Amino acid sequence: MTDTIFALSSGAPPAAIAVVRISGPAAGAALAALVGRVPPERRAVAATLRNGAGEVLDRALVLWLPGPGTATGEDTAELHLHGGRAVVAAVSAALAAVPGLRAAEPGEFTRRAFANGRIDLAEAEGLADLLSAETELQRRSAIAMAGGALSRRVEDWRERLLSLSASVEAVLDFADEDDVATLPADFLTRIDALRAELAAWLARPRAEVLREGFRVVIAGPPNAGKSTLFNALVQDEAAIATPIAGTTRDVLTRPVGYDGVPFLFADTAGLHDATDDVVEAIGIERALEALDRADLVLWLGPEGQGPAGAWEIAAQCDRAGVPPKLHPRHRISAVTGLGMAELIADLVATARQALPKPGEAALNERQHHMLRDAARALHSAEDEGDPLLVAESLRLARVSFDGLLGRTTTEDMLDALFGRFCIGK
């Protein structure tokens, strides 16, 4: 029998209200143990909670939600307590003393919802992103995924794929009957249309950029004003900015949101060819690695010597003696603020083009991989002449769709996903 679990599902106390959730076959027994009875289902009832010794723990609102029509698909109860630490601790101790109950692990409520078919894996991943969303773009994309935007599309693709597979099976099973001896005339057209839809989704901006932020790396030689610009962009004295060359020894990153767009800014060690300092050499190596991972590089060094696609930034334009740039994208002073508003507006506009559109579902790495495998299998089905090989290619595409929704998956992957959730979710 499945254990019955409980956990605090609201924010950490102290708070006005603390919500404790209970899910599993002994949820009703837990209510009876604390309240003295099981209240009417799906009605909020005021009740006095007592422990096993009969001591009053709290006066609370309780809800009894019998399964399977619950968030987890199991019998569920909720205790809406006063949100003091002592109240939560006392109620948790009383629940732990009820036979068959134990404290929940991180993400265990959502994992049970997945296991009981209340949500699929793509929806669970969207929910995980929603819980960690910090900007409006992240929230709206996560809402789309958690609400089943991708799942509904995959179900449609899967149904169309099953129809294609049925046509092939008819040829294989009844090849001696004239009316089904050949594939339908529109068979390849239907495969091509399905593959084109998958290609359109694969071409969308990825969820990792949205989750981690548009990665902007500030690079250039020592004393080019990188750390000062970094501090101005992240609105904090995060990096040590001094006239001494080589002050920055490592890649320093900070997430920041501008106009609802998530950014990850990175300050790097000054780039130059020769150094006898082992630590500085490691910093330069890491700076070069950061350039390779960047979505955009702001180049503060000599004009034309930055990476391909980098923005030429004429920094320190408030200082005399700084070598000028003939065609910079922006002239700025991070000290006086000159040009900073224009730079930030340009960054926001550029990042919006690279990020999913507001409310658009975005594929994460796992989903992108599964969808790419399905597209490759469909391509193979188009190229094959043998119905047996066509049927196998379509089966592989269906396996990818099933994996995307979590119908075929591994425990390790599920552990990693649900480990992202907090306890009580």
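Being a predicted model, the structure only gives us computed values, none of them experimental.
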Evaluate the side chain to side chain contact (heavy atoms under 4.5 Å, CB included) criterion for residues Thr4 and Asp75: first the C-alpha distance (whole Å), next the side-chain angles of each, then the deciding distance (0.1 Å), finally the verdict. CA-CA 9 Å; Thr4 297; Asp75 287 349; over 6 Å; no
Is there a donor in the side chain of Ser163 and an acceptor in the side chain of Arg190, or the other way round, less than 3.5 Å apart? yes
Under the side chain to side chain contact (heavy atoms under 4.5 Å, CB included) criterion, do Leu229 and Leu343 qualify, and how do the steps go? CA-CA 11 Å; Leu229 175 57; Leu343 172 61; 4.1 Å; yes
Would you say Ser165's side chain and Leu161's backbone share a donor-acceptor pair under 3.5 angstrom? yes
Side chains of Pro262 and Leu355: does their closest heavy-atom pair fall under 4.5 Å? yes
Checking Arg21 against Phe6: charged group under 6.0 Å from the ring centre and within 45 degrees of the axis? no
How about Pro40 and Trp64: do any of their side-chain heavy atoms sit closer than 4.5 Å? no
Donor-acceptor pair, distance only, cut-off 3.5 Å: does the side chain of Arg329 make one with the backbone of Ala310? no
Note, Leu371 side chain near Leu363 side chain (heavy atom, < 4.5 Å): yes
Mind listing the closest non-hydrogen atom pair of Gly301 and Pro221 along with its distance? CA-CD, 3.3 Å
So, for Gly359 and Arg140, which heavy atoms are closest and what is the spacing to 0.1 Å? N-CB, 3.6 Å
Once you round to the nearest 0.5 Å, how far does CG of Leu298 lie from CG of Asp267? 11.0 Å
Run the salt-bridge test on Arg139 and Glu134 with the 4.0 Å N-O cut-off and return the result as yes or no. no
Atom NE2 of His368: over 12 foreign heavy atoms under 6.0 Å: yes
Judged by atom type as modelled, is there a donor-acceptor pair below 3.5 Å linking the side chain of Arg118 to the main-chain atoms of Thr70? yes
State, with a plain yes or no, whether a side-chain heavy atom of Leu49 is found less than 4.5 Å away from one of Val35. yes
Between Arg153 and Asp156, is there a side-chain N and carboxylate O pair less than 4.0 Å apart? no
OG1 (Thr72) and CD (Glu74) are apart, to the nearest 0.5 Å, by 4.5 Å
Backbone of Asp120 reached by a side-chain donor or acceptor of Glu123 within 3.5 Å: yes
So, for Leu101 and Ala30, which heavy atoms are closest and what is the spacing to 0.1 Å? CD2-CB, 3.7 Å
Main-chain N/O of Arg112 paired with Asn116 side-chain donor or acceptor, under 3.5 Å: yes
Criterion side-chain contact (heavy atoms from CB on, under 4.5 Å) against Leu81, the qualifying member of Leu8, Leu57, Asp58, Val62: Asp58
Determine whether Arg102 and Glu108 satisfy the following criterion, salt bridge (charged side-chain N to carboxylate O under 4.0 Å, His left out), listing intermediate values before the conclusion. CA-CA 12 Å; Arg102 64 170 175 83; Glu108 193 167 5; 2.5 Å; yes
Looking at side-chain heavy atoms only, is the closest gap between Leu150 and Trp201 below 4.5 Å? yes
Could you go through the side chain to side chain donor-acceptor pair (under 3.5 Å) check for Arg376 and His379 one step at a time? CA-CA 5 Å; Arg376 288 174 176 172; His379 187 271; over 6 Å; no
Return yes if a side-chain donor-acceptor contact under 3.5 Å exists between His369 and Gln367, otherwise no. no
Any heavy-atom pair between the side chains of Tyr258 and Thr135 that's under 4.5 Å? no
Looking at Pro205 and Pro356, what are the two nearest heavy atoms and their distance? CB-N, 3.6 Å
Quick one: do Arg50 and Glu55 make a salt bridge, cutoff under 4.0 Å? no
Is Thr350 reaching over with its side chain to a backbone N or O of Leu347, donor-acceptor style, under 3.5 angstrom? no
Do other residues, nucleotides or ligands put more than 12 heavy atoms under 6.0 Å from Leu162 CG? yes
So which atom in Leu394 and which in Phe187 form the shortest heavy-atom distance, rounded to 0.1 Å? CD1-CZ, 4.2 Å
Backbone of Pro66 reached by a side-chain donor or acceptor of Arg42 within 3.5 Å: yes
Return the CG to CD distance between Asp386 and Glu392, rounded to the nearest 0.5 Å. 11.5 Å
Test side chain to side chain contact (heavy atoms under 4.5 Å, CB included) applied to Leu264 and Arg254, step by step: CA-CA 6 Å; Leu264 185 67; Arg254 285 291 187 278; 5.9 Å; no
Check: Thr268 and Ile218 side chains under 4.5 Å, non-hydrogen atoms: no
Here the gap from Gln353 atom CD to Phe214 atom CZ, rounded to the nearest 0.5 Å, amounts to 10.0 Å
Asn364 and Glu125 side chains, donor-acceptor separation under 3.5 Å: yes
Run through Arg195, Glu197, Arg152 and flag the one making a side-chain contact (heavy atoms from CB on, under 4.5 Å) with Trp157. Glu197
Lys357 side chain vs Arg352 backbone, donor-acceptor pair below 3.5 Å: no
Checking side-chain contact (heavy atoms from CB on, under 4.5 Å) between Leu34 and each of Ile22, Asn51, Val98, which is the one that passes? Val98
Would you mind checking if Glu155 and Arg407 are paired as a salt bridge, meaning a charged N to carboxylate O distance below 4.0 Å? yes
CZ/Arg331 to CD/Glu312 distance, rounded to the nearest 0.5 angstrom? 11.0 Å
Kindly give the heavy-atom pair with the smallest separation between Pro13 and Gly84, and that separation in Å. CB-C, 4.1 Å
For Glu365, is there an ion pair with Arg206 - N to carboxylate O distance below 4.0 angstrom? no
Test side chain to side chain contact (heavy atoms under 4.5 Å, CB included) on Leu378 and Leu194 and set out the steps. CA-CA 8 Å; Leu378 289 174; Leu194 181 56; 3.8 Å; yes
Compare all side-chain heavy atoms of Val45 with those of Leu61 and state whether any distance is below 4.5 angstrom. no
Measure the acute angle between the ring planes of Trp311 and His330, then classify it against the limits of 30° and 60° as parallel, tilted or perpendicular. tilted
As an exercise, state the distance from OG of Ser151 to CG of Leu404, rounded to the nearest 0.5 Å. 8.0 Å
Taking Asp295 first and then Arg215, would you say they form a salt bridge - that is, a charged N and a carboxylate O separated by under 4.0 Å? no
